[in-house]
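Presented below is the structure to which this report refers.
Chain identifiers are assigned alphabetically (A, B, ...) following the order of the sequence lines, protein sequences preceding nucleic acid strands; residue numbering begins at 1 within each chain. Treat the numbers as computed from the prediction; the structure is a model and nothing was measured.
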Number of protein chains: 2
Amino acid sequence: MDQLLANIKIQVNEKIYVKDPESTTLGRKIIKHSLIIMDEIGFDNFTFKKLGERIGSNESSIYRYFENKHKLLVYFSSWYWSWIEYKMVFATANIAAPLDQLLKALELVTEKIEDDLNTPYLNEALLNKIIIAEFTKTFLTKEVDEENKEGFFLIYKRVISRMVGMVVMIDPEYPFPKSLISSIVEGALHQHFLKDHFKTITDCNENTSPTAYYTDLIQRILSPKS
Amino acid sequence: MDQLLANIKIQVNEKIYVKDPESTTLGRKIIKHSLIIMDEIGFDNFTFKKLGERIGSNESSIYRYFENKHKLLVYFSSWYWSWIEYKMVFATANIAAPLDQLLKALELVTEKIEDDLNTPYLNEALLNKIIIAEFTKTFLTKEVDEENKEGFFLIYKRVISRMVGMVVMIDPEYPFPKSLISSIVEGALHQHFLKDHFKTITDCNENTSPTAYYTDLIQRILSPKS
DNA sequence: TATTTATGATAGTAATACTATTACATTTGC
DNA sequence: GCAAATGTAATAGTATTACTATCATAAATA
């Protein structure tokens, strides 16, 4: 798995960037340090000027890669879900039982991520933190419908659809497979946020993970009727 | 219920505003037209200058009521959850069975809201739309911990805690009551968003509401073990 | 070696997000 | 009825943001 990841390139919709940041040194520097700065000061306070200062590059050079910081965030989320999808396909490929497939997939979308050392310019653990804190901002905009048409959220929706397929195999009678999965994928990010900031309204903490909560939930909802 | 609402004033933490907008004509105009403009152009594109132009008032006059637009959004969300809490307390007061209480409360937090005519300067249906589109932005900020300490999110957390109490009464053995409710309250807003923008990953539409999905979910999870 | 490509440096604009000051109008308290 | 307090408008000004444009130069490549 780790080695496989070293040999593939995560695909991101070309309309998201002006110039592929993975193709040059400066591009990879932009990716790497954007994540670090966004983690430090948050997406809202992040600017291309600050990034330029940090990497010793000109603001205008950064605009050659991304139109604006919104697109950069969309790039990160697209990369993230593409990476999750890749891991999901491989991790579930040789599992026969749909319920076991689903539990494996669930683990991937709900767990806390650790850095994958195959991509030195992109720290996945940091990316996961950014996704938890900022992902909803990619689509909670007035431009969401246009950007959706452009395919900016395709991979995210495909990850959900894969899991929906598993649910349908497990229980074809269950009436809300799509809402179940979309609320789990979004909800897992939210539970991670809550355990760090609003501890009083979550059961998740160092000992109990969002994975545990959702694994239990899935089993209660989809367990075969007796 | 409707008459009761006419006679009470929704309480909002005083630290959120500079001057209580419900106390003056200009303040109420700010509330009313902010909602309209935010609905039209979204929170991100909303500015106090645009609001000032719309209501024929000076930008600086608006700053006498709210420090910045973030605080205005926090005000709206605080008002919203306070209003939901009020309705919840009354609607569940004379229900004996905890499960029925919970289902009633669930309905309140998941349904689409219609305007309550007792507050002419605040259109609740519009407020509900703003909350669906913008609520998460109130806490997905770098300042969330400080603002949480100031009590900006108290009412939201209290609404969740009330429902958690009901879950505990229904099934004291259930291990994740807080995560269940916090994910439902957040998730319901998300499902409303999905049915308007990402239809392929939700089962909710004109015929099936988020309320239906979550009512079914609650019953599957908390139904007495046979 | 010529030429494309990438980056850097500089400059500039319009909008945003405020703050401060002053003048005046209106309400309210006594 | 008058003084004091409060509310609003107008104006000005600042720092930052979010870009765009141009030109020079360095590096890669054909």
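Of the residues in residues 26-53 of chain B, those lying under 4.0 Å from DNA chain C by heavy-atom distance are B:Thr47, B:Lys50.
With sequence neighbours excluded, no residue forms a side chain to side chain donor-acceptor pair (under 3.5 Å) with B:Asn123. Every residue was checked against the ring-ring contact (aromatic ring centres under 6.0 Å, His included) condition with B:Phe152, not counting sequence neighbours, and none meets it.
Rounding to whole angstrom units, CG of residue A:Asn68 and C1' of D:dT17 are separated by 12 Å. Distance CD (A:Glu67) to P (D:dA21): 13 Å, rounded to an integer number of Å. Counting to the nearest Å, the P atom of D:dT6 and the OH atom of B:Tyr65 are 13 Å from each other. Straight-line distance from the CZ atom of B:Arg64 to the P atom of D:dA10: 12 Å, rounded to whole Å.
Of all nucleotides in DNA chain C having an atom under 4.0 Å from a heavy atom of chain B, the first and last in 5' to 3' order are C:dT16 to C:dA20.
A side chain to side chain donor-acceptor pair (under 3.5 Å) check over residues 155-164 of chain A, counting only residues at least two apart or in different chains, returns the pairs A:Glu85-A:Arg158, A:Glu85-A:Arg162, A:Asn148-A:Lys157.
For the pair B:Ser57 and D:dA9, the criterion of a side-chain N or O lying under 4.0 Å from OP1 or OP2 is met. Look at B:Ser61 and you'll find a side-chain N or O under 4.0 angstrom from OP1 or OP2 of D:dA9.
In this model, a donor atom of one side chain and an acceptor atom of the other lie less than 3.5 Å apart for B:Tyr213 and A:Ser183. There is a side-chain donor-acceptor pair under 3.5 Å between B:Gln191 and A:Ser182.
The distance from the SG atom of B:Cys204 to the NZ atom of B:Lys112 is 12.0 Å, given to the nearest 0.5 Å. In this structure, A:Leu154 CG and A:Asn13 CG are separated by 8.0 Å, a value rounded to the nearest 0.5 Å.
Of all non-hydrogen atoms in A:Lys142 and B:Gly42, the two that sit nearest each other are CE-N, 3.5 Å. The minimum heavy-atom distance linking A:Ser77 with A:Thr138 is given by the pair OG-CG2, 4.0 Å. Smallest separation of non-hydrogen atoms from A:Ile132 and A:Phe193: CG2-N, 3.8 Å.
Comparing D:dC19, D:dT11, D:dG7 by their nearest atom to the side chain of A:Tyr63 picks out D:dC19.
Looking at which nucleotide of DNA chain D each of B:Thr25 and B:Glu59 is closest to, the 5′-most match is held by B:Thr25.
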Shorter than 3.5 Å, N or O on both sides, protein versus nucleotides 25-30 of chain D: list them out with atom names.
none

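In summary, the aromatic rings of A:Tyr80 and A:Phe135 are positioned with their centroids too far apart to meet the 6.0 Å limit.
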